[in-house]
There are 2 protein chains.
Amino acid sequence: MAVALIATESQLGRSGNDRTITRPSLLKELMARGVRMTSQRRLLVGIMQDSPSHLDAAKLLAIARQRDPRVDRATVYRTIALLKGRGLIDELDLMHLEGEKHYYEAKTSQDHCHMACFGCGAIIEYASPAFEHLKKEMAKQGDFQIRVVRLEVGGYCKTCAQRGGRQ
Amino acid sequence: MAVALIATESQLGRSGNDRTITRPSLLKELMARGVRMTSQRRLLVGIMQDSPSHLDAAKLLAIARQRDPRVDRATVYRTIALLKGRGLIDELDLMHLEGEKHYYEAKTSQDHCHMACFGCGAIIEYASPAFEHLKKEMAKQGDFQIRVVRLEVGGYCKTCAQRGGRQ
DNA sequence: ATATGTGCAAATCTTTTGCAAATTC
DNA sequence: GAATTTGCAAAAGATTTGCACATAT
């Protein structure tokens, strides 16, 4: 069960068990917190919510503009800041495999790690009880109230390790 | 034992046990790999090696220039790229507590996590067997050859959690 | 009606690059 | 002496900001 499958709540036809990782609705969370909703926010948040891959600001802007060409870069960054500030999305570097930009994803019900392959660029997500255990330990032993956790790993996936003979 | 103390090998008067985290000599590692050594590299690498705190490119440049005013920004970035490419330093964001820059530190004998306090900006380092265990599990279960691991946490340190009442 | 969000264009900050001169092996 | 590294200056890439106008509650 170590390699996690991640689905939005709406994508799951069944109620997930403890092991199932879900993505709570960003829109609902925002409204629950009394955040003013605009059409642009609805659009951007909807894209973040539904995107299967990790989005950077430029890609998010491009997708949004297909639906509403007036969307501006600044609004994208401001919306990202809003979501990040409320703890609703996580920020990733993905080992800077393609530049210095950041990637974003809706926060999931369970934290997970991102393993980035230097060979093929694949991003593998990974969640496990050992990760949850480490978080609890850090909070307790380190006397620290954890709000955000980011675990990123770089290396070689099975295929690339075999092919390239890299170790 | 959970909160790690980190020392350079030379700073330790005794031979460290398994729990002791050390920083191997960057210079030696470079020479062992046949990397051409220049005066600037020696200078920059020496600063990285000895710095007790996490350096960003600008700070590294500033320190280097105190000793040799001719050092250029470009050389700093090129040296960082060299060290990073050889796996001798780790790159950190430290939760972007102060801007989008990156921080660097000489790789240690045991990986450790960085906990960044949103309240006071403190950076707390943390190493534990649970972290080592998680790494091994990821490598095995995820079929992944790990080269770099980066675990960063954001939240509130003990003091700030009490003071601000944030939870 | 008032507070908040947005577009636009310019600014800022970090990092990278081309090329001629300097340095290392 | 040949290959590599450096400084300089300019460019590139990502993100932020000031301000007048538009929108949400």
Side-chain angles (χ1 to χ4, degrees), chain A residues 26-27 30-48 54-86 88-89 91-104, chain B residues 26-27 30-48 54-86 89-104:
Chain A
L26 295 176
L27 186 56
L30 285 175
M31 301 194 69
R33 290 159 208 227
V35 172
R36 178 181 289 197
M37 287 312 298
T38 63
S39 68
Q40 309 245 346
R41 279 190 184 160
R42 249 180 282 271
L43 174 55
L44 292 168
V45 159
I47 294 168
M48 290 246 61
H54 303 105
L55 294 175
D56 57 78
K59 201 171 299 175
L60 176 53
L61 174 63
I63 296 173
R65 279 193 159 151
Q66 292 173 2
R67 292 230 221 156
D68 182 345
R70 289 172 307 169
V71 183
D72 190 78
R73 215 180 355 202
T75 303
V76 168
Y77 282 106
R78 289 191 271 233
T79 304
I80 287 172
L82 171 73
L83 293 167
K84 204 167 67 160
R86 307 274 171 159
L88 298 175
I89 57 175
E91 184 177 73
L92 307 168
D93 279 6
L94 300 182
M95 287 291 140
H96 293 307
L97 252 40
E98 39 179 277
E100 295 301 295
K101 60 196 166 195
H102 290 120
Y103 299 86
Y104 301 91
Chain B
L26 295 175
L27 186 57
L30 285 174
M31 302 195 68
R33 289 158 209 228
V35 171
R36 178 180 288 197
M37 286 313 296
T38 64
S39 68
Q40 310 245 345
R41 278 189 187 159
R42 249 179 282 271
L43 174 55
L44 292 168
V45 159
I47 294 168
M48 290 246 61
H54 303 105
L55 294 176
D56 58 77
K59 202 171 299 178
L60 176 53
L61 174 62
I63 295 173
R65 277 190 160 153
Q66 292 173 3
R67 291 231 223 156
D68 182 345
R70 289 171 307 169
V71 182
D72 191 78
R73 213 178 359 203
T75 303
V76 168
Y77 281 106
R78 289 191 272 234
T79 304
I80 286 171
L82 172 73
L83 293 167
K84 201 167 70 160
R86 307 274 170 157
I89 57 175
D90 280 319
E91 185 178 72
L92 308 168
D93 278 5
L94 300 183
M95 287 291 141
H96 293 308
L97 251 39
E98 38 179 278
E100 295 302 295
K101 60 196 167 194
H102 290 119
Y103 299 86
Y104 301 91

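Throughout, protein chains are lettered first and strands after them, A, B, ... in sequence-line order, and every chain is numbered starting at 1.
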- Message: Show every salt bridge (charged side-chain N to carboxylate O under 4.0 Å, His left out) that has at least one partner inside residues 33-46 of chain A, sequence neighbours left out.
- Response: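 Residue pairs passing salt bridge (charged side-chain N to carboxylate O under 4.0 Å, His left out), neighbours aside: E29(A)-R33(A).
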- Note on the structure: Applied to residues 54-64 of chain B, the salt bridge (charged side-chain N to carboxylate O under 4.0 Å, His left out) test, sequence neighbours excluded, yields D56(B)-K101(B)
- Spacing of CG belonging to D93(A) relative to CG belonging to D93(B), to within rounding of 0.5 Å: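 These two atoms lie 4.5 Å from each other.
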- Query: Got a second to check how far L82(A)'s CG is from T75(A)'s OG1, nearest 0.5 Å?
  - Reply: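 Interatomic distance, L82(A) CG to T75(A) OG1, rounded to 0.5 Å: 12.0 Å.
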Atom pair distance, as rounded to whole Å: [atom1] in [X] and [atom2] in [N]:
X: L44(B); N: dT5(D); atom1: CG; atom2: P; value: 14 Å
X: L30(B); N: dT5(D); atom1: CG; atom2: P; value: 11 Å
X: R41(A); N: dA24(D); atom1: CZ; atom2: P; value: 11 Å
X: I80(A); N: dG5(C); atom1: CD1; atom2: P; value: 16 Å
X: Y103(B); N: dC13(C); atom1: OH; atom2: C1'; value: 13 Å
X: K84(B); N: dT14(C); atom1: NZ; atom2: C1'; value: 13 Å
X: E98(B); N: dT14(C); atom1: CD; atom2: C1'; value: 14 Å
X: L82(A); N: dT15(D); atom1: CG; atom2: C1'; value: 17 Å

Quick check: closest heavy atoms across [X] and [Y], and the distance to 0.1 Å?
X: L43(B); Y: A64(B); value: CD2-O, 3.7 Å
X: V76(A); Y: A57(A); value: CG1-O, 3.7 Å
X: I89(A); Y: Y104(A); value: CD1-CD2, 3.8 Å
X: L27(A); Y: V45(A); value: N-CG1, 3.8 Å

- Message: E91(B) vs I80(B), test: side chain to side chain contact (heavy atoms under 4.5 Å, CB included). Steps then yes/no.
- Response: CA-CA 9 Å; E91(B) 185 178 72; I80(B) 286 171; 5.6 Å; no
- In terms of ring plane angle, is the pair H102(A) and H96(A) parallel, tilted or perpendicular, where the classes change at 30° and 60°? tilted
- 5' to 3', nucleotides 15-25 of chain C under a 4.0 Å protein heavy-atom cut-off (B base, S sugar-phosphate only, - none) gives BBBB-----BS
- Enter the inter-axis angle for the ends of the helix from dA1(C)-dT25(D) to dC25(C)-dG1(D) (five pairs per end, rounded to 10°). 40°
- Task: Under 4.0 Å from any atom of DNA chain C, heavy atoms only: list the residues of residues 59-67 of chain A that qualify, in numerical order.
- Result: none
- Quick one: side-chain contact (heavy atoms from CB on, under 4.5 Å) partners of R73(B), sequence neighbours excluded? L61(B), Y77(B)
